[in-house]
There are 2 protein chains.
Amino acid sequence: MLDIAEVARRTGLAPSALRFYEKKGLLTPSGRNGLRRTYDPSVLSRLTMIICARRAGFTVAEIARFLGAGPADEVTRADLVSKARRLDEDIARLVRMRDSLDHAAVCTHEPLVECPDFKRMLAP
Amino acid sequence: MLDIAEVARRTGLAPSALRFYEKKGLLTPSGRNGLRRTYDPSVLSRLTMIICARRAGFTVAEIARFLGAGPADEVTRADLVSKARRLDEDIARLVRMRDSLDHAAVCTHEPLVECPDFKRMLAP
DNA sequence: CCTTGACTTGAAGCGCGCTTCAAGTCGCAC
DNA sequence: GTGCGACTTGAAGCGCGCTTCAAGTCAAGG
């Protein structure tokens, strides 16, 4: 069993963030030692997922919904798929943005912002 | 010349957002008609870039720095490149996340969250 | 037993990106 | 000329994702 400080250390999250996630339903300590939370080591991989999802732009509320998904929860499963399609769009946008920035590195255009190549890559 | 309502309509931004961006240095109205801002149509493509950058996760402050970049401003140009490399990481993360979600669509694992395939894709 | 310092709580605070509000100005159709 | 509705401003407010604070509890080492 891990205490909150240990979980914080191993995940890189602040203890306050762990309590915050718990309040939002992302996390449940497996028990208490007196008042103090104790965590099963499996919380670490759950937190790895949470951290990854957060960095991918999911809100805490979204993650809470997805983590609460039961096996036969087709609604949520459909949500995951539609999320995947939205990620396709996000990925495409990031790729265009990255290509624009890479172009910027070699572009000699006077105000860079006016470069047609640069601008063209930044359509909606 | 466009007025603020027209720019808002054409970009999908709220007039308040346009004033907000102006305050943050992303935007300058080309003039005033009395008190009222007037915009050159070129503001539209600038806003398209801004919107795209925002959606790509850039902060307003970052965009302000980049849009202020002069042609010989190598420091900022280097920043753009390092931003591009950070986008590579973001893209990789999003791709893994998307693949996980797509797997979720066909995965029959009992708590989906415990599926090894699902979890494996969500490493840092 | 007693200290001590890491934990506990709820509430308040913060930075970001805007939105909303109150109060005022004014271009323009009539 | 007059009215009105769309604009102007600065300040305050909001939702998100935490962090910080104040006050209190308590496990563990000496």
Side-chain angles (χ1 to χ4, degrees), chain A residues 1-40 43 46-68 83 86 90 93 97 124, chain B residues 1-40 43 46-68 83 86 90 93 97 124:
Chain A
M1 284 299 172
L2 311 167
D3 72 354
I4 199 172
E6 183 66 11
V7 174
R9 200 184 60 72
R10 291 210 206 169
T11 58
L13 294 170
S16 59
L18 295 174
R19 286 187 284 260
F20 175 75
Y21 286 164
E22 181 181 337
K23 199 179 308 185
K24 294 296 183 176
L26 274 65
L27 221 58
T28 322
S30 47
R32 295 271 180 158
N33 175 19
L35 277 186
R36 304 180 182 197
R37 291 162 178 83
T38 57
Y39 294 92
D40 187 278
V43 81
R46 190 177 179 91
L47 281 169
T48 301
M49 286 191 278
I50 290 170
I51 292 166
C52 185
R54 284 287 302 123
R55 297 209 60 184
F58 289 75
T59 67
V60 167
E62 280 172 334
I63 298 170
R65 284 203 312 118
F66 291 159
L67 289 185
K83 256 300 181 187
R86 290 184 47 188
D90 293 347
R93 188 167 31 247
M97 179 66 70
Chain B
M1 282 301 171
L2 312 168
D3 72 353
I4 199 172
E6 183 65 11
V7 174
R9 200 185 58 73
R10 291 210 207 170
T11 59
L13 294 170
S16 59
L18 295 173
R19 287 188 281 262
F20 175 75
Y21 286 164
E22 180 180 339
K23 198 180 306 184
K24 295 296 184 177
L26 274 65
L27 223 56
T28 323
S30 48
R32 294 273 180 154
N33 176 17
L35 278 186
R36 303 180 183 196
R37 291 163 178 83
T38 57
Y39 296 92
D40 187 277
V43 80
R46 190 177 177 90
L47 280 169
T48 299
M49 284 191 281
I50 291 171
I51 291 166
C52 186
R54 284 288 300 123
R55 296 209 60 184
F58 290 76
T59 68
V60 167
E62 280 172 335
I63 298 170
R65 283 204 310 121
F66 291 160
L67 288 184
K83 256 297 179 188
R86 289 185 48 187
D90 293 346
R93 187 165 33 245
M97 180 65 72

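So you know, we letter chains A, B, ... as the sequences are listed, proteins then strands, and number each from 1.
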### Query
Between A:K24 and A:V60, what is the shortest heavy-atom contact and its length?
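Residues A:K24 and A:V60, closest heavy atoms: CB-CG1, 3.7 Å.
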Quick check for you: among [options], whose closest atom lies nearest to any side-chain atom of [X]?
X	options	value
B:L35	C:dC26, D:dC18, D:dT25	C:dC26
B:N33	C:dC28, C:dG17, D:dC18	C:dC28
B:Y21	C:dT19, C:dC18, C:dT8	C:dC18
A:R36	D:dT19, C:dC7, D:dG17	C:dC7
B:R32	C:dC7, D:dT9, C:dT8	D:dT9
B:R19	D:dC7, C:dT9, D:dT8	D:dT8

Return the value, rounded to whole Å, for the distance between atom [atom1] of [X] and atom [atom2] of [N].
X	N	atom1	atom2	value
B:K24	D:dG10	NZ	P	13 Å
A:M1	D:dA27	CE	C1'	17 Å
A:K23	C:dA12	NZ	P	12 Å
A:L13	D:dG17	CG	C1'	12 Å
B:E6	D:dC7	CD	P	10 Å
B:D3	D:dT8	CG	P	8 Å
B:L26	C:dC16	CG	P	14 Å
A:E22	D:dG17	CD	C1'	16 Å

### Task
Would you indicate what A:R54 reaches in the nucleic acid, counting non-hydrogen atoms under 4.0 angstrom: base, sugar-phosphate, or nothing?
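Sugar-phosphate, backbone atoms only, no base.
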### Message
Using modelled atom types and a 3.5 Å cut-off, is there a donor and acceptor pairing between side-chain atoms of B:S30 and backbone atoms of B:T38?
### Response
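Yes, B:S30 side chain to B:T38 backbone: donor-acceptor pair under 3.5 Å.
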### Query
Any side-chain N or O of A:R37 under 4.0 Å from OP1/OP2 of D:dC26?
no
#### Entry: Gap between atom CZ of B:R37 and atom CE of B:M1 - 0.5 Å precision
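Reported value, rounded in 0.5 Å steps: 15.0 Å.
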### Query
What's the spacing between B:R46 CZ and B:Y39 OH if we round to 0.5 Å?
12.0 Å
### Contact check, side chains of B:L47 and B:L26, non-hydrogen atoms, under 4.5 Å
no
### Message
Assuming nearest nucleotide by heavy-atom distance, tell me which of A:A17 and A:G34 is located more 5' along DNA chain D.
### Response
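Looking at DNA chain D, the more 5' nearest nucleotide goes with A:A17.
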